[in-house]
Amino acid sequence: MDKITITVEQGSIRLDKFVTDYLKEEYDFSRSYVQKLIEEGYILVNQNIVSNKYNLLANDEISIEPKTPDIIDAIAQDVAFEIVYQDKDLLVVNKPNGLVVHPAAGNPDNTLVNGLLYHIKDLSSIGGVLRPGIVHRLDKMTTGLMLVAKNDKTHKALTQMLANNEIHKEYIALVHGVIEPNKGLIDAPIGRSKGDRKKMTVTDINSKYAKTHFEVMQRFENHTLVKCIIETGRTHQIRVHMAFIKHPVVGDPLYAFREDMKLEFGQYLHAARLEFIHPISQEKKVFSCELPEEINVKIKELEN
């Protein structure tokens with residue numbers, strides 16, 4: 001975590017709540033952990049140590065200093081998720097909405113990794129003690145299919161396949177607005193936003209190329225259901241690209257509209273399909289999973 005400086009635009013909010021909300025998407029710190037950082041002097045207001053209950057004023061400057069992370073080890077916990085497939089080398093899981101993938105400071109347990117350690121005997125060690133077996137991630141509020149490696153040989157092979165775009169990944173997203181073309185390609189580089197550190201953005205500065213193909217599945221009065229296929233795996237890629245073309249993902253707390261923050265489900269984005277050649281057996285593998293019930297309910301509402 002790099003040093004973060006924030007200038008408050010609007011006051012009348014408690015410091016601990018403001019910082020927790022600001023850092024939630026990227027770091028997902030709990031409010032109690034943020035309060036601990038404030039108490040220990042890692043979070044300052046106008047270069048002064050203040051209490052958790054300090055009410056911010058407009059133009060207050062918040063400084064968040066990096067803290068050496070506490071040494072934590074992932075523990076086995078009975079966390080609920082669906083195992084779609086597994087063999088001696090890998091498994092495919094269906095991650096539910098709201099589940100963080102791996103432990104981090106302020107979010108040390110009850111993650112997918114904790115559940116994997118509980119249900120699976122062997123996982124690759126490449127990701128270290130906090131990310132065993134994790135080949136790629138999904139955002140906390142994104143549902144659907146993820147690959148997990150059981151040994152280091154498989155992990156290395158899958159990582160290389162991802163880099164070579166040899167793993168076909170399809171997502172389904174419900175977005176705001178009606179998309180007119182039936183198909184399209186968004187070819188726009190993505191990097192960290194200078195104005196808001198928790199956001200990514202389309203930019204030519206310190207960015208990486210990113211490509212997202214989309215295809216309209218269904219149109220509604222003010223929304224569109226789209227299938228997205230990504231050639232690259234940049235942070236928040238689909239969410240950033242859809243917002244870039246003025247069709248943000250419904251429920252996205254970062255890139256959609258203020259009213260989307262009220263939706264309990266989070267963003268309506270689902271990793272629906274995986275297709276790849278098994279790196280050990282060389283068999284073609286194809287996996288798909290149905291949309292979560294909450295997304296189906298939302299679609300029915302829009303159809304009516």
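Computation of the quantities below employed the complete heavy-atom set of this structure, encompassing side-chain atoms and omitting hydrogens, waters and symmetry-equivalent molecules.
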Exercise for the section: Write down the atom of L56, the atom of V45, and the distance for their closest heavy-atom approach. Expected result: CD2-CG2, 4.3 Å
Exercise for the section: Go through the steps to decide whether Q35 and D16 satisfy the test side-chain hydrogen bond (donor to acceptor under 3.5 Å, both in side chains), and finish with yes or no. Expected result: CA-CA 6 Å; Q35 289 172 346; D16 55 350; 2.8 Å; yes
Problem - Under 3.5 Å: donor-acceptor pair, side chain of Y255, backbone of M200 - result: yes
Exercise for the section: Can you tell me which residue pairs pass the side chain to side chain donor-acceptor pair (under 3.5 Å) test with a partner in residues 84-93, sequence neighbours excluded? Expected result: Y85-D87, Y85-K285, Q86-K150, D87-H278, D89-N151
Handout entry: Separation between NZ of K3 and CD1 of I64, rounded to the nearest 0.5 Å
Key = 10.5 Å
Side-chain polar contacts of residues 205-213 - donor-acceptor pairs under 3.5 angstrom, sequence neighbours left out - could you list them?
residue: S207; atom: OG; partner: T203; partner atom: O; Å: 2.7
residue: T212; atom: OG1; partner: Q237; partner atom: NE2; Å: 2.9
residue: T212; atom: OG1; partner: H241; partner atom: ND1; Å: 2.8
residue: H213; atom: NE2; partner: E231; partner atom: OE2; Å: 2.6

Exercise for the section: Applying side chain to side chain donor-acceptor pair (under 3.5 Å), name anything that partners E215, two or more places apart in sequence or on another chain. Expected result: none
Practice task
Report yes or no: do T142 and Q267 form a side-chain donor-acceptor pair below 3.5 Å?
Solution key: yes
Handout entry: Enclosure of R137 CZ (heavy-atom neighbours >12, cutoff 6.0 Å)
Key = no
Fill in the blank from the handout: Rounded to the nearest 0.5 angstrom, the CG-CG distance for N46 and D60 is 4.5 Å
Handout entry: H102 and T111 side chains, donor-acceptor separation under 3.5 Å
Key = no
Practice task
Grab the two heavy atoms, one from C289 and one from G144, that are nearest each other, plus how far apart they are.
Solution key: SG-CA, 4.1 Å
Exercise for the section: State which residues pass side chain to side chain donor-acceptor pair (under 3.5 Å) with D122; sequence neighbours excluded, sorted by chain then number. Expected result: none
Exercise for the section: Find out whether H119 and D78 are in side-chain contact, i.e. whether some heavy atom of one side chain is under 4.5 Å from a heavy atom of the other. Expected result: yes
Practice task
Calculate, to the nearest 0.5 Å, the distance between atoms CG and OG1 belonging to L90 and T154 respectively.
Solution key: 6.0 Å
Exercise for the section: Determine whether L145 and V148 fall in the same hydrophobic cluster, where Ile, Leu, Val, Met, Phe, Trp and Tyr are linked whenever their side-chain heavy atoms lie under 4.5 Å apart. Expected result: no
Practice task
Keeping the roles fixed (side chain from N97, backbone from M141), state whether a donor-acceptor pair exists under 3.5 Å.
Solution key: yes
Got a list of side-chain donor-acceptor pairs under 3.5 Å for residues 220-230, not counting sequence neighbours?
residue: T224; atom: OG1; partner: G177; partner atom: O; Å: 2.7
residue: T224; atom: OG1; partner: I179; partner atom: N; Å: 3.0

Problem - Where N110 and Q77 come nearest, the two heavy atoms and their spacing - result: N-OE1, 2.6 Å
Problem - Pairwise side-chain contact, P253 with R239, heavy-atom cut-off 4.5 Å (strictly under) - result: yes
Practice task
Identify which one of R273, E275, H270 satisfies the side-chain contact (heavy atoms from CB on, under 4.5 Å) criterion when paired with E170.
Solution key: R273
Problem - Carboxylate-amine/guanidinium proximity below 4.0 Å for D21 and K17 - result: yes
Practice task
Check whether any side-chain heavy atom of V8 lies under 4.5 Å from a side-chain heavy atom of I13, and answer yes or no.
Solution key: no
Exercise for the section: Kindly indicate whether the side chain of L123, heavy atoms from C-beta on, has any atom under 4.5 Å from the side chain of L117. Expected result: yes
Handout entry: Closest non-hydrogen atom pair, P279 against A157
Key = CB-CB, 3.5 Å
Problem - Cluster companions of L44 among Ile, Leu, Val, Met, Phe, Trp, Tyr (side-chain spacing under 4.5 Å) - result: I49
Exercise for the section: Work out which heavy atom in T143 is nearest to a heavy atom in P96; give both atom names and the distance. Expected result: CG2-C, 3.9 Å
Exercise for the section: Go through the structure and list residues passing ring-ring contact (aromatic ring centres under 6.0 Å, His included) with F214, not counting sequence neighbours. Expected result: none
Completion exercise
The ring-ring contact (aromatic ring centres under 6.0 Å, His included) partners of F276 (sequence neighbours excluded) come to none
Problem - Within one Ile-Leu-Val-Met-Phe-Trp-Tyr cluster: V101 and L274, side-chain cutoff 4.5 Å - result: no
Exercise for the section: Check whether any side-chain N or O of N94 sits under 3.5 Å from a backbone N or O of E82 as a donor-acceptor pair, and report yes or no. Expected result: no
Practice task
To the nearest 0.5 Å, tell me how far L112 CG sits from L99 CG.
Solution key: 5.5 Å
Practice task
Tell me, yes or no, whether the heavy-atom count around E9 atom CD, taken from other residues, nucleotides or ligands under 6.0 Å, exceeds 12.
Solution key: no
Exercise for the section: Can you establish whether the number of heavy atoms outside F244 located under 6.0 Å from its atom CZ is more than 12? Expected result: no
Handout entry: Hydrophobic cluster membership, L263 vs I238, 4.5 Å side-chain cutoff
Key = no
Exercise for the section: Kindly say whether V216 contributes a backbone atom to a donor-acceptor pair with the side chain of N182 at under 3.5 angstrom? Expected result: no
Practice task
Measure from the side-chain N and O atoms of K199 to the backbone N and O of V240, and report whether any donor-acceptor pair falls under 3.5 Å.
Solution key: no
Cut-off 3.5 Å, no hydrogens considered: what does the side-chain donor-acceptor table look like for residues 290-304, sequence neighbours left out?
residue: N296; atom: ND2; partner: L291; partner atom: O; Å: 3.4
residue: E303; atom: OE2; partner: Q218; partner atom: NE2; Å: 2.8
residue: N304; atom: ND2; partner: K300; partner atom: O; Å: 3.1

Fill in the blank from the handout: What one should report as the nearest heavy-atom pair of S63 and Q47 is OG-NE2, 3.1 Å
Handout entry: Set of side chain to side chain donor-acceptor pair (under 3.5 Å) partners for H176, sequence neighbours left out
Key = D260
Handout entry: N52 (side chain) donor-acceptor with E39 (main chain) under 3.5 angstrom
Key = no
Practice task
Look at the aromatic rings of Y22 and F18 and report parallel, tilted or perpendicular, splitting at 30° and 60°.
Solution key: parallel
Handout entry: Min side-chain heavy-atom separation D252-L269 under 4.5 Å
Key = no
Handout entry: Single-linkage hydrophobic cluster, 4.5 Å side-chain cutoff, L254 and V250 together
Key = no
Exercise for the section: Under the side chain to side chain donor-acceptor pair (under 3.5 Å) rule, collect the residues that match up with R234, sequence neighbours excluded. Expected result: none
Practice task
Give a yes or no answer on whether the side chain of H136 reaches the backbone of L147 with a donor-acceptor pair at less than 3.5 Å.
Solution key: yes
Do any side-chain atoms of residues 160-167 form donor-acceptor pairs under 3.5 angstrom with protein atoms, and if so which ones, sequence neighbours left out?
residue: Q160; atom: NE2; partner: N164; partner atom: OD1; Å: 3.2
residue: N164; atom: ND2; partner: Q160; partner atom: O; Å: 3.3

Problem - Cluster check V50, V19: I/L/V/M/F/W/Y, side chain < 4.5 angstrom - result: yes
Handout entry: Note, L116 side chain near F81 side chain (heavy atom, < 4.5 Å)
Key = yes
